Structures are given as C-alpha cells and as structure tokens.
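Let me begin by presenting the structure, written as structure tokens, before commenting on it.
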Amino acid sequence: MLNSSALLLVYGLDLEGPVHRGIATYAKAMIRLLADLGYPLHLLTGAGSLPASPLTELALHRHLDHPSAWSRLQLVRAYFKDRLGFEKAIKVPVNLDFSIGDRLNYLQHVQLLRNQRLFYRKLRLQAKLSDKPFKLDTRNYPVVLTSSPLNLRVSKNSKLIQVIHDLIPLNYLRHPDEAESFLRRLKSTAEYSDRILCISDSTRQQFLELFPQAESRTETLYQPVSFSATALALANRPDYAQSVLRKYRLESDRYFFFVGAIEPRKNLETLIAAQRIAVIQTQLPLVIGGTADVHTKDYAQSLVQQTRPEDQVIWAGYVSEAEKICLLRHCRSLTLLSWQEGFGIPIIEAALCGRSSLLADIPIFREVMGDAAVYAKPDELLVVADALTQIGQYPAQLTHLRSQVVQQAELFSTQQVKQNLHKVLQSMQ
C-alpha cells in the first residue's frame with residue numbers, strides 16, 4: 001500500500017522563505033491533508049551547515065523558524081560538492097517541543113526532516129546555469145511532491161508530482177523571479193513529472209499553451225483552503241474576537257479588509273485611492289493586513305507615507321491566523337483588486353467566514369467565486385470607489401451574496417480536495 005511508505009515533500013522553497021505567503025499557505029494545507037489521509041511525511045529542508053549532535057536538531061528547527069544566512073561562496077562550494085557526490089542528507093526527527101507558533105504549526109504532521117545543505121538555493125542556481133534538471137536521490141520514496149514547479153528529476157523508482165500555481169513570472173512586468181529561470185523550471189516540470197497538478201483551470205490552460213505535450217499528465221486540483229484547529233479554537237472565543245476588534249479600534253461589520261502580501265501586483269494604490277473617495281460617504285475604515293518582503297519594502301513604505309489620517313487606512317502589518325479569522329468574520333467586505341493572481345486564498349477564507357468580497361474582474365477570480373462577489377475593473381478607480389460606496393452605504397445588498405459565498409466555498413472544502421488528492425495518489429501505484 002502506498003500510504004504505508006513515507007512521502008517526500010519538496011516544499012522548502014516556500015516554507016523556508018522569510019515570510020509565509022500564498023504558496024507556503026498551500027504547502028501547509030497540503031501537509032494537513034496528506035496527514036489526514038494517513039501518509040507518513042518527510043520534509044526535505046535546505047539549511048546550510050548544521051552543527052554536530054546534540055545541536056543538530058535545534059539548529060534545523062531554528063532554520064525553519066528563521067531561515068539561516070548563507071553566502072554565495074558557501075552555495076558554490078555546496079553545489080559542486082553535490083555534483084561530485086560528496087553531499088549527504090542529514091536526517092533529523094521532528095521535535096514538537098520546537099514546533100511553536102503559527103509558522104511551525106505544520107510540523108506536528110511531519111515525522112522526519114531530511115536536510116540537504118542549501119538544496120533549494122542549489123535548485124535556483126541550477127535553473128540559472130542550465131536547462132538540465134537537478135537530480136535528487138529519492139530511491140526510498142515511492143512518491144515525491146513539490147509545492148511549486150521545480151527543475152527536478154527524481155530516482156527511477158519514484159513518482160514525481162509537481163504543482164503549478166500560476167505563470168505570473170512570465171507575464172507580469174514587476175515580478176521578482178527571473179523569467180528565464182522560471183521557464184526552465186516549467187520545462188523540467190513538463191518533461192520529468194509523472195503528474196502535474198494546476199490549482200485552477202486558468203493556470204492549466206496557460207501551462208498547456210506552452211507545453212501541450214504534457215496534457216495527458218496535467219489536471220486541475222483546486223487549492224485546499226482551511227484554517228488550523230488551533231487558530232479556529234482561539235478565534236471562536238467571543239472575548240478574543242472582541243480583543244482583536246479593540247486592538248485596531250474597529251466595530252463589527254463597519255470596516256473593509258485587505259489581507260495579503262504588500263506588493264505592486266496587489267494594486268493597493270487603486271484600493272487606497274478608492275478608499276480616499278468612498279470614505280467621505282461611508283465613514284468606514286480600510287484595514288490592510290500583511291507584510292512586504294525584501295523586494296517590496298520600499299514600495300510598502302511609500303504607500304504608508306502617502307496615506308493621510310482622513311483616508312482612514314489602518315496598517316495592521318502581520319496578523320496571526322486567529323486574528324485574520326476574526327477580522328474576516330467581522331468585516332463588511334474583503335477587498336482584493338490584484339492585477340494578476342494564481343488563485344486568491346483570502347477570498348475563499350472570507351467565504352469560509354461568511355463574508356463576500358469586492359474583487360478585481362480577472363479570470364481567476366471569476367473562476368473561483370463565480371457570481372458570489374462584486375467585481376470591478378482593477379484599473380477603473382471611480383468604479384472601484386463607487387463599489388466601496390455602495391457596499392458601505394447599503395449593507396443589506398450583501399445578504400444574498402453572503403449566502404452564496406458559503407455554497408461557493410464548498411468547491412474548495414478540505415473534504416472535496418482530500419478526495420481528489422487521494423485519487424491522484426492512488427493512481428501513482
């Protein structure tokens with residue numbers, strides 16, 4: 001039986017980022033689903049040099065909590081040692097005493113960490129240097145899964161399942177990823193994967209336009225969206241929910257909410273400009289939750305500096321999962337006006353909380369939410385401002401939408417995705 005053998009999760013490219021964003025959220029949700037299906041899970045990590053026992057375990061968990069620094073010289077040395085066969089994996093059992101906080105909560109479902117020094121940095125370097133994939137010894141694993149497309153080739157006795165979220169690095173001007181490297185990762189995915197899972201029909205269509213030869217191995221598996229039991233238990237306490245509202249000086253159902261990465265692709269300039277117009281009539285604040293990364297911190301800082309007190313924009317910064325649930329449950333509407341998206345996790349999270357959204361009128365949002373949302377062209381400021389005003393002044397109009405979103409969210413329920421994922425894994429036998 002497949003689920004008696006451990007699966008190797010090559011998820012570290014996203015889980016080892018400084019901030020857990022959309023794909024890391026996907027990775028953690030998949031870990032929960034795979035554990036629920038009864039699969040033992042081993043996670044491939046890519047920390048740098050680790051100290052000898054008894055400090056190895058602590059150092060690796062610290063790396064996952066706060067990714068360790070590395071130098072280009074260390075990377076080049078590790079890369080060529082790996083190519084010459086001198087790099088060996090270090091196996092470390094998960095220590096739940098170290099698995100604290102939202103960031104490491106997923107480790108409760110993982111049995112073993114398999115560290116290969118700077119592995120994910122080596123993958124990126126390989127994609128810059130060559131069209132050839134990076135070979136990984138996976139002979140002890142029947143199935144290897146990735147959380148995003150990688151230039152990876154596994155052992156002959158292993159099956160490789162890769163996931164594609166979007167093709168944004170190829171068609172968005174300001175994306176930080178190098179388009180050529182990303183295209184090489186996609187090419188390897190198309191050539192060497194036994195199964196390719198796209199998280200939406202929109203992504204599948206775009207991928208197959210580039211690689212039609214992969215059609216028979218490519219299917220849509222919608223992204224699972226759920227909240228952790230720990231965060232839900234906390235958010236379900238009325239006193240905790242009230243404390244969150246007090247923290248930001250909010251009233252229930254009397255604010256708009258954005259949550260996500262602070263980056264140009266999210267089109268926050270238009271949202272804030274529309275809020276500046278709409279707030280004159282609605283008197284509802286806009287809460288912006290999320291953080292910037294090293295590529296977008298200057299952009300985020302400029303947005304903060306441009307907002308004025310009368311705009312009633314509240315910069316919440318990082319919000320915990322439990323805080324996010326509370327803020328979603330009590331907002332008038334979620335607002336997401338992205339130029340491009342791979343999926344849009346927050347709009348499903350809002351639906352799970354019984355709240356509808358004001359969304360950019362782009363294909364992926366239409367696919368995910370159907371008619372259960374208010375749409376506006378992301379480049380039409382006055383249309384967005386009018387939509388905010390309507391939602392702010394006439395909340396009764398949202399009653400029907402809020403009933404629809406709950407039904408729409410069923411398409412992405414944990415149970416539905418779990419069943420589909422189980423079928424995929426069983427077909428790998």
Side-chain angles (χ1 to χ4, degrees), residues 2 6-17 22-31 33-34 39 41-46 114 116 119-120 122-124 126-127 130-138 141-170 177 179-224 342-343 417 420-429:
L2 178 61
L7 307 182
L8 182 62
L9 306 180
V10 189
Y11 285 4
L13 186 65
D14 309 295
L15 292 177
E16 294 179 25
I23 299 180
T25 300
Y26 166 86
K28 291 189 280 190
M30 288 294 283
I31 287 172
L33 287 190
L34 290 166
Y39 292 98
L41 304 176
H42 293 180
L43 178 65
L44 182 62
T45 59
R114 172 177 162 159
Q116 298 200 200
F119 176 77
Y120 297 99
K122 294 173 189 173
L123 276 182
R124 287 186 176 274
Q126 177 83 356
S130 172
D131 283 330
K132 295 181 179 179
F134 193 96
K135 295 181 181 179
L136 179 65
D137 182 0
T138 59
Y141 297 96
V143 175
V144 178
L145 299 96
T146 73
S147 54
S148 54
L150 300 178
N151 49 319
L152 185 66
R153 189 170 186 177
V154 298
S155 301
K156 290 183 178 180
N157 63 312
S158 302
K159 300 291 186 181
L160 178 60
I161 302 175
Q162 299 232 53
V163 173
I164 303 175
H165 293 258
D166 57 65
L167 276 67
I168 291 174
L170 299 184
D177 279 0
E180 185 176 3
S181 295
F182 184 74
L183 185 59
R184 284 175 172 171
R185 288 163 54 189
L186 287 178
K187 183 179 178 182
S188 287
T189 298
E191 188 169 352
Y192 297 106
S193 300
D194 296 284
R195 192 65 57 86
I196 301 163
L197 305 179
C198 297
I199 66 166
S200 69
D201 288 335
S202 298
T203 294
R204 183 176 184 274
Q205 180 179 347
Q206 292 178 52
F207 174 71
L208 291 178
E209 286 175 358
L210 291 175
F211 304 102
Q213 71 273 20
E215 183 172 9
S216 64
R217 294 175 285 119
T218 304
E219 62 184 273
T220 299
L221 181 70
Y222 280 126
Q223 180 156 348
F343 188 74
V417 178
N420 295 337
L421 178 60
H422 183 63
K423 291 177 182 178
V424 171
L425 289 169
Q426 290 301 306
S427 71
M428 293 290 97
Q429 295 189 68

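Values in this document were obtained by computation on a predicted structure and should not be read as measured data.
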Side chain of [X], backbone of [Y]: donor and acceptor closer than 3.5 Å?
X: Arg184; Y: Ala127; result: yes
X: Thr218; Y: Ala214; result: yes
X: Gln126; Y: Asn151; result: no
X: Ser188; Y: Arg185; result: no

Considering residues at least two apart in sequence or located in another chain, which fulfil the side-chain hydrogen bond (donor to acceptor under 3.5 Å, both in side chains) criterion with Asp201?
Thr220
Going through the checks in order, is the side chain to side chain contact (heavy atoms under 4.5 Å, CB included) test met by Tyr192 and Leu152?
CA-CA 8 Å; Tyr192 297 106; Leu152 185 66; over 6 Å; no
Is the closest side-chain donor-acceptor distance between Ser158 and Ser155 under 3.5 Å?
no
Residues forming a side-chain contact (heavy atoms from CB on, under 4.5 Å) with Thr189, sequence neighbours excluded:
Pro149, Gln162, Ile164, Ser193, Ile196
Can you sort out the partners of Glu215 under side-chain contact (heavy atoms from CB on, under 4.5 Å), two or more places apart, ordered by chain and number?
Arg204, Leu208
Measure up the Tyr222 and Phe343 rings against each other and bin them: parallel (under 30°), tilted (30 to 60°), perpendicular (over 60°).
tilted
What orientation do Tyr141 and His42 show, parallel under 30°, tilted 30 to 60°, or perpendicular over 60°?
perpendicular
Who passes salt bridge (Lys or Arg N to Asp or Glu O under 4.0 Å) against Asp137, sequence neighbours left out?
Arg139
Taking the side chain as everything from C-beta on, heavy atoms only, tell me whether [X] gets closer than 4.5 Å to [Y].
X: Lys28; Y: Leu15; value: yes
X: Leu170; Y: Leu210; value: yes
X: Val163; Y: Leu221; value: no
X: Leu425; Y: Val143; value: yes
X: Leu136; Y: Gln116; value: yes
X: Phe119; Y: Val10; value: yes
X: Tyr39; Y: His422; value: yes

What pairs meet the salt bridge (Lys or Arg N to Asp or Glu O under 4.0 Å) rule with one or both residues in residues 186-195, with sequence neighbours excluded?
Arg195-Glu219
In this structure, are over 12 heavy atoms from other groups packed under 6.0 Å from Lys122 atom NZ?
yes
Measure across [X] and [Y] and return the closest heavy-atom pair with its distance rounded to 0.1 Å.
X: Ala29; Y: Pro224; value: CB-O, 3.7 Å
X: Tyr120; Y: Gly12; value: OH-N, 3.0 Å
X: Phe182; Y: Leu167; value: CE2-CA, 4.1 Å

Hey, mind stepping through Leu145 and Leu197 against side chain to side chain contact (heavy atoms under 4.5 Å, CB included) and telling me if it holds?
CA-CA 10 Å; Leu145 299 96; Leu197 305 179; 5.9 Å; no
Suppose the criterion is ring-ring contact (aromatic ring centres under 6.0 Å, His included): which pairs have a residue in residues 144-170, not counting sequence neighbours?
Tyr26-His165
Consider side chain to side chain contact (heavy atoms under 4.5 Å, CB included). Of Thr146, Leu44, Leu41, which one does Leu9 pass it with?
Leu41
